[in-house]
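Take a look at this one; I'll ask things after.
What you see below is based on every heavy atom in this structure, not just the backbone, and it leaves out hydrogens, waters and symmetry mates.
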Amino acid sequence: MPNECAMRIVSSLEKCFWDEKITQKPERDHYLMYRNEKLSFQLALCNQALDGTPEFCFCVSGALADYVTVREVISMPAHSGLGGEDDGCLRTAPGLYPDMLRPMHYRGGIPLPKGQLRALWVDVQIPEGVDVPAEETALTFSFVAKNFSYSYPWELDMGEISAYVRVSPLKLPAQTLIHTEWLYSDCIAEAHGAEAFSEKHWEMLEKYVKTAVDNGINMILTPLFTPELDTYIGGERLTTQLVKITVTGKDTYAFDYTLLDRWIDMCERLGVTYYEIPHFFTQWGAEHAPKFIATVDGEETRIFGWETDALGEEYRVFLAQLITSFVAHAKSRGIDKRCYYHISDEPRLEHLEHYKACKNRVAPYLEGYAIIDALSDFDFYKTGALDIPVPAIKRCHDFLRADIAEPWVYYCGAPINLTGRCFSHPTARTRILGVQLYRHRIKGFLHWGYNFYRNRHSYDHVDVLGCTDAEYWTSPGNAFLVYPGTDGTVWESIRLNAMREAMDDMRALALCESVLGREKTEELISVGTLEPLTFFAYPKSSDYLLSLHDRVLLAVEQAQI
């Protein structure tokens, strides 16, 4: 290999900062993968001697080459909220953090300034029905450096590097975890310059939902009405209301589900399993109604919103009609048992009586259906006001000990020493979530930020290609997992891929349990640990997760020989 360029194959759990030495990155060039798994790893590159910014072009060869996709890892700006040094963060200073996965452009090459560490993200995914070799095969990446200067063009062979992959005949079972990352339809419209539910908006909605489903997100926030999430009191988000409402008389309403049916058709086609209905009452105490737009005497107008008393009689009558009508329509579409409903986000004990009164307004029309809310106050839960709480992981101790039929958890922000997905977190800290969910028999996971492209309380739209912390409001990366691509597509992040790998880890452990039993699966998890793995005590190294993946796969293969 020429001395001008250093190349190294590293795992998907590394983050290659531009100012690091390539020798700091542990090499990993042998991989096992399930037949229906997406395998990810990286090619770390460093131009050590060539002046200027030559373009490094590559080609891929080998038996699996046709099933390879390569993207460029882009470092994104981070200004604040990067964590403390004692929290296991990679870095805490503002700077550039590797995160965005951009499709290859620039003639398919990557410009490589001298002395900078860069990375290419490699995915291997075998289509259904395609036969692949049973033995380990090489994927070889051959590089050529080019200088397209008119005065002094040149081309130089940079050598090649190989990764070795064996595709197991084993298949991961279907995901059973319910996984929701709140999708904001309004942010998609704003980021891509589209009118709400215009054809352009629908085109982008489909791309965002498909990206979500491809990465293990199987529940989609479905805006029957515009969610008033993280919106300042008195403020409004762009209207994205799927149900067309007409006021037909005093306290009587008609509902048109044409747009909703298009949404359901899209989601069903893309593989969505569950539908999450927005909160019927506002955050921070459930005092008001979210925004509802209706046609009144031929004109569209807001009929409910911040000015509406949550317990007002007019809103009660409206909700009774809306929910009754929607449930009937959901039944006709065969999705009613796959809908989950919300009352209000994170109520506190001081809100108990009011919350119960609000819930009692809708519960009679939702008998037999799931109502969930983020709820981290265990004393509140003990009152019986909510059967399916979703506690923050950092406060879930008591909930885990309770006999909850459908246990859920969520996290947000950058909880100290716990799993998270911020720029500064090691990728292993994101991926460990799957093993933790399996260990605690969790049925559902929620996060509030799939694509929140706004600032604090949603005063303004934020361009996340340049501002990753919602204008100093939250930890960089907390508010979103995907980027609005400038080419009209959705660009993924390292963190989204880590979440997908976490979901696949959970599926692999479920497969192992089905073959070897729970006890043996727990033994495989405990290898290399000093204490039982929990949400609060877990191995921090990448090696643990990489070894666990292979250890579980090989154990199941051996059991089926």
With sequence neighbours left out, which residue pairs that include part of residues 166-176 fulfil the side chain to side chain donor-acceptor pair (under 3.5 Å) condition?
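Those involving residues 166-176 are E128-K171, R166-E557, S168-E557.
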Residues that R71 engages under salt bridge (Lys or Arg N to Asp or Glu O under 4.0 Å), provided they are two or more places apart
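Salt bridge (Lys or Arg N to Asp or Glu O under 4.0 Å) check on R71 returns D123, E492.
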Listed partners of D29 passing salt bridge (Lys or Arg N to Asp or Glu O under 4.0 Å), at least two apart
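If we apply the salt bridge (Lys or Arg N to Asp or Glu O under 4.0 Å) test to D29, skipping adjacent residues, there are no hits.
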Going by the ring pair (Phe, Tyr, Trp, His ring centres under 6.0 Å) test, which pairs reach into residues 22-50, not counting sequence neighbours?
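As it turns out, the ring pair (Phe, Tyr, Trp, His ring centres under 6.0 Å) pairs with a partner in residues 22-50, which skip direct neighbours, are H30-Y164, Y31-F41, Y34-H549.
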Would you mind listing every salt bridge (Lys or Arg N to Asp or Glu O under 4.0 Å) that reaches into residues 33-44, with sequence neighbours excluded?
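Applying salt bridge (Lys or Arg N to Asp or Glu O under 4.0 Å) to every pair that reaches into residues 33-44, excluding sequence neighbours, yields nothing.
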With sequence neighbours excluded, what pairs up with K394 under the salt bridge (Lys or Arg N to Asp or Glu O under 4.0 Å) test?
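K394 satisfies salt bridge (Lys or Arg N to Asp or Glu O under 4.0 Å) with no residue once adjacent residues are dropped.
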Return the set of residues passing salt bridge (Lys or Arg N to Asp or Glu O under 4.0 Å) with R91 (not counting sequence neighbours), or none when no residue passes.
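Counting only residues at least two positions away or on another chain, R91 forms a salt bridge (Lys or Arg N to Asp or Glu O under 4.0 Å) with D19.
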In chain order, what residues pass the ring pair (Phe, Tyr, Trp, His ring centres under 6.0 Å) check against W18, with sequence neighbours excluded?
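Once residues adjacent in sequence are excluded, W18 has no partner under the ring pair (Phe, Tyr, Trp, His ring centres under 6.0 Å) criterion.
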Quick one: list whatever passes side-chain hydrogen bond (donor to acceptor under 3.5 Å, both in side chains) with Y340, sequence neighbours left out.
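For Y340, the residues satisfying side-chain hydrogen bond (donor to acceptor under 3.5 Å, both in side chains) (neighbours in sequence not counted) are E406.
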Which salt bridge (Lys or Arg N to Asp or Glu O under 4.0 Å) pairs, counting each pair once, include a residue from residues 452-471, with sequence neighbours left out?
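For residues 452-471: E190-R454.
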Name all pairs fulfilling the ring pair (Phe, Tyr, Trp, His ring centres under 6.0 Å) condition that reach into residues 409-434, sequence neighbours left out, sorted by first residue then second.
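Sorted pair list: Y411-F445, Y411-H447.
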Sequence neighbours left out, what pairs pass ring pair (Phe, Tyr, Trp, His ring centres under 6.0 Å) with at least one residue falling in residues 125-146?
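Qualifying pairs: F58-F143.
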